[in-house]
Amino acid sequence: MFHDECGIFGVSGNVDAARLTYLGLYSLQHRGQESAGIVTWDGETAFQHRAMGLVSGVFSEEVLDRLPGSVAIGHVRYSTTGQSQLVNAQPLLVRFQGGPLAAAHNGNLVDSSSLRAGLEAGGSIFRTTTDTETILHLIADAYSRRGGRTTADITDVLTEALAGVRGAYSILFMIDGCLVAVRDPRGYRPLCFGRLESGGWAVASESCALDIVGAAYEREIEPGEILVIGPEGPKSSRLNGEEGPKSFCIFEYIYFSRPDSIIRGVSVDGVRMALGRALARECPADADIVISVPDSSNSAAMGFSEQSGIPHAIGLIRNHYIGRTFIHPRQSLRDFRVRIKYNAVRDTLAGQRVVVVDDSIVRGTTSRQLMGMLRRAGAKEVHLRVASPPIRFPCFYGIDTPTREELIASSSSVSEIAEFIGVDSLGYLSHEGLLASVPPPIETYCVACFDGSYPHEEAHLAGSEVGTFQNKDAGPTGRETR
């Protein structure tokens, strides 16, 4: 599968801000597992803790005791630009003319290299390799040009700083004692907020993180919106005066987001069920049982079973006590982790004609291993059904993807892919079937990974600045490349 982006969570107006943020990050762990961090503000001082690893390993009671304050922002990271090192872990915290400034970013800037080059030419010094630091420099420059004014000018400063930024960004800032949430005008990545039962407000990448802290969901933060949450509560403004085209990442529904999240007003689980039903209509199979590749394909498999009438069964068991396999970049390690991550249920599979529902195929290497596992467990026939169209193009908006040459569907036909991964038949959901299964309007989605129609012209220059991205502060949830 595609590698994840990142997860962000913030709290304003609650004395337990750090602990609530810790819980929120737990619910967003699927979006990034390389590092985690929290920055807090107690009215006078900013406090920070970041480390490589999972949320449960990064934070302890002792660490949380050292993060006082009623404002906090947190981050879980899978890198899509910037190396996987502690220096690039987020939130980033700097001190400039206006005081402490922290940022937690989910997304990817397609013009990061040119922006950074311009800032360096003007004397800026960078200490990380992330595009998030570029945004911090732009804010500091905008603040300085406006004469160093603060509170009343937060939205003006951010509007000026982000005016020339292109790409995907859902960002939480901690600035001038306020929690500030900003979403790019195209709305690539999700962001929502809610009111805490214990007082104050919370902002999260997904609504499932609001649930764990007892926050009542208010609404999504709109594309192009700046939401400043200070002592008087949320105040909304816009980055620019006019609303432009939208490009929400359709893979949030297919794979990235947790099924219990609400995105664009609908349940992710419900959308995945619809994808499975559409897949069954378009690509039927004569089989005895339907199984999923757990966990992200569970809902789609249920939908396929419901539509086709073929009984649903548990054919693969996933070990939840290992990290997601994308964490290790070498293919040899990825292969090993696939073998320890999944195991086949032999009694279920032996002698059966099996439909396997998965969310996507990227390189095809993991699918090949899994299908071989099913064969060795005694499956009589294996029919793979994919709840998305073939992935032919890389993403430059916050997902770490292989190059186009590594994407198996970019150079191989469906029959060639079926032969490579070792299945009796292979069927993909059509582009039309996908768009008919997600909430309208269909023109508000980014589907560039399927058809190459990138929303920003810079993304066509894959060999230049966007093509040089290694990994960034973003993540869905990541899983091994399939």
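Not one N or O on the side chain of Asp176 forms a donor-acceptor pair closer than 3.5 Å with the backbone of Cys178. Proximity of a side-chain donor or acceptor of Gln29 to a complementary backbone N or O of Val55 within less than 3.5 Å is detected. Between the Arg392 side chain and the Ile408 main chain, no donor and acceptor come within less than 3.5 Å of each other. For the pair Asn88 (side chain) and Thr129 (backbone), a donor-acceptor distance under 3.5 Å is present. The main-chain N or O of Leu191 is never found under 3.5 Å from a side-chain atom of Ser170 such that the two would form a donor-acceptor pair. The backbone N or O of Cys446 sits nowhere less than 3.5 Å from a side-chain atom of Tyr188 that would complete a donor-acceptor pair. For Glu406 (side chain) and Thr403 (main-chain N/O), a donor-acceptor pair under 3.5 Å exists by modelled atom type. Thr21 contributes no side-chain N or O that, together with a main-chain N or O of Gly74, makes up a donor-acceptor pair within less than 3.5 Å. The backbone N or O of Thr45 sits less than 3.5 Å from a side-chain atom of Asp42, completing a donor-acceptor pair. Remark: side-chain polar atoms of Ser124 are paired, donor with acceptor, to backbone N or O of Leu119 under 3.5 angstrom.
With a 4.5 Å cut-off on side-chain heavy atoms, Leu172 and Val180 do not count as touching. No side-chain heavy atom of Asn14 sits less than 4.5 Å from a side-chain heavy atom of Ser70. Looking at heavy atoms from C-beta onward, Phe173 lies in side-chain contact with Leu158 at the 4.5 angstrom threshold. Between Arg404 and Pro394, some side-chain heavy-atom pair lies under the 4.5 Å cut-off. Residues Leu67 and His49 form a side-chain contact, since some pair of their non-hydrogen atoms from C-beta on lies under 4.5 Å apart. You'll find the side chain of Ser257 reaches within 4.5 Å of the side chain of Arg31, heavy atoms only. With contacts defined as side-chain heavy-atom distances shorter than 4.5 Å, the pair Ser267/Ile262 qualifies. At a threshold of 4.5 Å between non-hydrogen side-chain atoms, the residues Asp269 and Met273 count as touching.
The aromatic rings of His431 and Phe450 sit perpendicular, their planes meeting at an angle over 60°, well past the 30° parallel limit. Aromatic ring pairs are classed by plane angle as parallel below 30°, tilted from 30° to 60° and perpendicular above 60°; the pair Phe396 and Tyr454 is tilted.
For the atom pair CG of Leu86 and CZ of Arg77, the computed distance is 10.0 Å after rounding to the nearest 0.5 Å. Distance CD1/Ile226 to CD1/Ile154: 10.0 Å, rounded to 0.5 Å. If you take CG on Asn106 and OG1 on Thr132, they are separated by 9.5 Å, rounding to the nearest 0.5 Å. If you take CG on Leu92 and OG1 on Thr130, they are separated by 5.0 Å, rounding to the nearest 0.5 Å. In this structure, the separation between CG on Asp358 and CG on Leu370 is 7.5 Å, given to the nearest 0.5 Å. The distance from atom CD of Glu160 to atom CG of Asp156, rounded to the nearest 0.5 Å, is 8.5 Å.
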Verdict with reasoning, Leu138 to Leu162, per side-chain contact (heavy atoms from CB on, under 4.5 Å):
CA-CA 7 Å; Leu138 293 171; Leu162 296 171; 5.7 Å; no

Verdict with supporting geometry, Lys246 and Glu222, salt bridge (Lys or Arg N to Asp or Glu O under 4.0 Å)
CA-CA 10 Å; Lys246 305 299 183 287; Glu222 296 296 323; over 6 Å; no

Determine, step by step, whether Asp65 and Arg19 satisfy the salt bridge (Lys or Arg N to Asp or Glu O under 4.0 Å) criterion, reporting the C-alpha distance in whole Å, the side-chain angles of both residues, the deciding distance to 0.1 Å, and the verdict.
CA-CA 9 Å; Asp65 284 341; Arg19 282 174 168 76; 2.7 Å; yes

Could you walk me through whether Val266 and Val438 pass side-chain contact (heavy atoms from CB on, under 4.5 Å), step by step?
CA-CA 9 Å; Val266 301; Val438 297; over 6 Å; no

Would Ile171 and His105 count as a side-chain contact (heavy atoms from CB on, under 4.5 Å) if you check the C-alpha gap in whole Å, the side-chain angles of each, and the deciding distance to 0.1 Å?
CA-CA 4 Å; Ile171 313 179; His105 176 200; 3.8 Å; yes

Applying side-chain hydrogen bond (donor to acceptor under 3.5 Å, both in side chains) to Asp359 and Ser297, what does each step give before you reach the verdict?
CA-CA 5 Å; Asp359 47 69; Ser297 305; 3.2 Å; yes

Would you please test Ile361 and Tyr428 for side-chain contact (heavy atoms from CB on, under 4.5 Å) and show each step?
CA-CA 10 Å; Ile361 299 176; Tyr428 286 90; 3.7 Å; yes

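Minimum heavy-atom separation, Ala72 to Ala18: CB-N, 4.2 Å. Here the closest heavy-atom approach between residue Ser360 and residue Ile391 is recorded as CB-CD1, 3.8 Å. Contact between Val39 and Ala102 at its shortest, heavy atoms only, is CG1-CB, 3.9 Å. For Ser27 against Ala209, the heavy-atom pair with the smallest separation is CB-CA, 3.7 Å. Shortest non-hydrogen contact noted between Leu275 and Ser437 is CD2-CB, 3.5 Å. Nearest heavy-atom pair, Tyr217 versus Ser207, reported as atom, atom and distance to 0.1 Å: CD1-CB, 3.9 Å.
A centroid separation of 6.0 Å or more is found between the aromatic rings of Phe193 and Phe9. The distance between the ring centers of Phe126 and His137 falls below 6.0 angstrom.
Each of Thr40, Leu93, Ile38 was checked for a side-chain contact (heavy atoms from CB on, under 4.5 Å) with Phe47, and the lone residue meeting it is Thr40. Tested against Phe256 for a ring-ring contact (aromatic ring centres under 6.0 Å, His included), the candidates Phe248, Tyr397, Phe251 yield a single pass: Phe251.
The pair Asp260-Arg258 meets the salt-bridge criterion, with a side-chain N (NZ, NE, NH1 or NH2) lying under 4.0 Å from an Asp/Glu carboxylate O. Salt-bridge annotation for Glu206 and Arg189: absent, with no side-chain N of the basic residue lying under 4.0 Å from a carboxylate O of the acidic one. Salt-bridge check for Arg363 with Glu405: failed, with every basic side-chain N at 4.0 Å or more from each acidic carboxylate O. Arg183 has a carboxylate O that lies under 4.0 Å from a charged side-chain N of Glu220, or vice versa, which qualifies the two as a salt bridge.
No side-chain N or O of Asp16 forms a donor-acceptor pair with one of Ser198 less than 3.5 Å apart.
Cation-pi geometry between Arg264 and Tyr445 is met: under 6.0 angstrom from the ring centre, within 45 degrees of the axis.
Remark: Glu443 CD is packed, more than 12 non-hydrogen atoms of other residues, nucleotides or ligands lying under 6.0 Å away.
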